[in-house]
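Read the structure below first, then the notes.
Counting convention: from 1, in listed order, for ligands and their atoms alike. All heavy atoms count here, side chains included; hydrogens, waters and symmetry mates do not.
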Amino acid sequence: MKKIAILGITGSIGISTIEVVRQHPQDFEIVLASSNNNYSKLFELAKEFKIPELVITNSALKQKITDIPRNSSLTFGENELQRKIGSVECDTILNAISGSAGLRSSITTISKGIDLALANKESLIMAGHKIMKMVKNSKTNLLPVDSEHSAILQAIGSSKPDEIRSIIITASGGPFRDLPLNEFKNITLEDALKHPTWNMGAKITIDSATMMNKGLEIIEAHWLFDKSYEDIKAVIHPQSILHSFVEFIDGSIVAQLSFPTMKIPILYALSHPKHIKSTIQKTNILDLPNLTFSELSIERYPLYDTAINAGTEGGILPTVLNASNEAAIDLFLDRKIHFTDISRIVEKQISKFHNFQNPSIEEIIKINKDVYNQTKQNYKNLI
Ligand code: NDP
Ligand code: MG
């Protein structure tokens with residue numbers, strides 16, 4: 001029985017993790033869970049799974065909440081979450097907090113030597129250089145939850161980075177894969193929130209529509225698998241069945257396939273290094289649709305290119321990329337800007353920033369906040 005913590009339990013990945021735990025009651029026990037605002041869902045899950053430790057990161061809710069589940073202890077605030085991660089007895093922490101808010105929890109988990117099942121890719125985007133160094137010097141196993149990176153991990157097996165020629169990440173292409181470019185100006189919020197193959201939280205759904213998500217995943221793969229940016233590419237694969245390829249130096253290519261569900265990569269991140277018996281999803285090869293692959297158009301998805309350039313430049317630039325993107329997405333979700341303004345804003349914020357290498361975690365957290373706030377306040381001058 002593994003003891004696990006689920007941070008961001010009320011989100012899309014959090015709920016998929018719950019479904020995995022429900023099907024594997026003998027394998028996993030939840031000892032700590034967090035949400036930001038959604039306390040009613042958190043409490044419902046706490047009762048069902050008898051979760052002893054709960055944290056609500058939004059401290060403003062402290063005054064409002066009175067009816068705490070019996071047998072659970074509840075605390076509030078981001079600092080309290082870090083304290084609980086530091087003190088809980090736990091085998092794996094699954095970080096499914098969305099956006100830059102997830103960074104501190106990843107850092108605390110690694111500094112405690114606890115295994116980290118990482119859905120929060122933004123941690124690696126902002127602080128990959130620090131995180132990978134910390135992981136090397138700690139007992140932590142860093143296990144990707146992102147389906148593409150789970151596929152890559154499985155395809156690599158015990159091979160070393162110098163046996164790998166390239167990594168090819170697949171991308172569904174999102175809802176605007178076939179939309180004529182001259183119609184992008186008419187895209188509505190509702191259009192952008194409709195992903196063709198995955199049902200996810202709002203931020204990553206918009207990132208999938210702009211293809212920023214794939215750019216972020218290239219940066220994520222760079223850090224996780226120690227490959228240079230020239231050796232990692234993305235291709236469009238509309239069916240989302242084949243989750244990524246690894247090409248080896250002898251010419252062999254290995255891929256991982258399943259019908260699209262996050263439950264398989266979540267289970268693997270929790271059961272690693274073993275695959276364990278599960279009825280979560282059976283993929284019958286004869287039921288598969290035709291699998292197609294095509295080139296990803298940078299004209300259609302400018303943020304894909306912007307993200308890779310920021311990743312290649314390194315330093316603080318990926319943090320600026322991520323913060324301005326988060327702010328632009330929030331503005332779009334608030335209907336203050338147009339879909340095509342997202343890339344305009346991110347590109348402008350990046351182009352005027354003076355980059356520097358090897359930022360500290362404190363510098364990353366500060367600049368992330370500054371760029372986010374500045375983008376939200378000044379957006380009219382950026383579009
Ligand atoms: P959701 O928006 O569905 O859920 C986010 C979770 O984080 C919720 O539990 C939310 O709490 C909590 N949260 C939000 N803001 C904060 C904050 N400031 N501090 C602490 N907790 C916060 O996101 P997803 O589940 O879709 O995504 C989570 C992460 O996983 C992202 O990094 C995403 O890129 C990654 N990912 C997601 C995939 C998917 O299929 N959804 C696939 C691959 C990666 P509350 O509900 O209370 O607001
Ligand atoms: Mg992914």
Ligand 1 atoms nearer than 4.0 angstrom to some heavy atom of Asp146 are 43 (C), 44 (C)
Under 3.5 Å, is there a donor on one side chain and an acceptor on the other for Asn36 and Thr57? yes
NE2 of His149 to CD of Glu220, rounded to nearest 0.5 Å, is 3.5 Å
If you measure only the distance, is there a donor-acceptor pair under 3.5 Å linking the side chains of Asn368 and Ser100? yes
Among N, O or S atoms, Glu217 approaches the Mg ion (ligand 2) most closely through OE2
In this structure, atom 34 (O) of ligand 1 is nearest to the protein heavy atom Lys121 CE, 3.4 Å
The OE1(Glu148)-the Mg ion (ligand 2)-OD1(Asp146) angle, to 10°, is 100°
So for Thr57 against ligand 1, with non-hydrogen atoms under 4.0 Å, the contacting part is side chain
- Query: Any N/O of Thr10 closer than 3.5 Å to an N/O of ligand 1?
  - Reply: yes
Note: Met200, heavy atoms under 4.0 Å from ligand 1, region reported as both
TODO: Flag Glu122 as yes when one of its N or O atoms lies below 3.5 Å from any N or O atom of ligand 1, and as no otherwise.
DONE: yes
Are side-chain N/O atoms of Tyr379 and Asp341 paired as donor and acceptor at under 3.5 Å?
no
Short version for Ile204: what comes under 4.0 Å of ligand 1, heavy atoms counted, is side chain
Atoms of ligand 1 under 4.0 Å from any heavy atom of Asn37, numbered from 1 in the order shown, are 45 (P), 47 (O), 48 (O)
Ser34-ligand 1 polar pair, N/O distance under 3.5 Å
no
Hits for side-chain contact (heavy atoms from CB on, under 4.5 Å) against Asn37, two or more places apart or cross-chain, chain-then-number order -> Asn58, Leu61
Discussion item. Check contact between Lys203 and ligand 1, using heavy atoms of the residue and a distance below 4.0 angstrom.
Written reply: no
of all protein heavy atoms, closest to atom 22 (C) of ligand 1 is Asn36 CB, 3.4 Å
A student checking ligand 1 against Ala96 at a 4.0 Å heavy-atom cut-off should list atoms 5 (C), 6 (C), 7 (O), 28 (C)
So for Lys41 against ligand 1, with non-hydrogen atoms under 4.0 Å, the contacting part is neither
For the aromatic rings, using the six-membered ring if either is Trp, is the centroid distance between Phe176 and Phe339 under 6.0 Å? yes
Q) Are the aromatic ring centres of Tyr39 and Phe76 under 6.0 angstrom apart? A) no
Heavy-atom proximity to atom 26 (O) of ligand 1 ranks first, among Gly201, Gly14, Gly77, Ala202, for Gly201
Q.
Are any of the N/O atoms on Gly11, whether in the backbone or the side chain, positioned under 3.5 angstrom from an N/O atom of ligand 1?
A. yes
For Ala101, the ligand 1 atoms with a heavy-atom partner under 4.0 Å come out as 17 (C), 18 (N), 19 (N)
Ranked by distance from atom 14 (C) of ligand 1, the top protein heavy atom is Ser98 OG, 3.8 Å
Here the atoms of ligand 1 under 4.0 Å from any heavy atom belonging to Asn38 are 45 (P), 46 (O), 47 (O)
Here the atoms of ligand 1 under 4.0 Å from any heavy atom belonging to Asn120 are 32 (O)
Exercise for the section: Before accepting this row, confirm whether a basic side-chain N of the pair Glu217/Lys214 lies closer than 4.0 Å to the acidic partner's carboxylate O. Expected result: yes
Nearest heavy-atom approach of Ser106 to Ser123 is OG-OG, 2.8 Å
Nearest heavy atom to atom 24 (P) of ligand 1, choosing from Ser40, Ser147, Ser12, belongs to Ser12
Atom 29 (C) of ligand 1 sits nearest the protein heavy atom Ile97 O, 3.6 Å
Ionic contact status for Arg335 with Glu190, cut-off 4.0 Å = yes
Are Lys366 and Glu363 ion-paired here, with the side-chain N under 4.0 Å from a carboxylate O?
no
Answer yes or no: does an N/O atom from Ile13 fall short of 3.5 Å to an N/O atom of ligand 1?
yes
What one should report as the nearest heavy-atom pair of Gly174 and His195 is CA-NE2, 4.1 Å
Ranked by distance from atom 35 (C) of ligand 1, the top protein heavy atom is Ala119 O, 3.1 Å
Distance col, row Phe245:CZ vs Thr170:OG1, nearest 0.5 angstrom, shows 7.0 Å
N-O pairing of Glu29 and Lys2 below 4.0 Å | no
> Below 4.0 angstrom, N of the basic side chain to O of the carboxylate: do Glu122 and Lys203 qualify?
Replying inline: yes
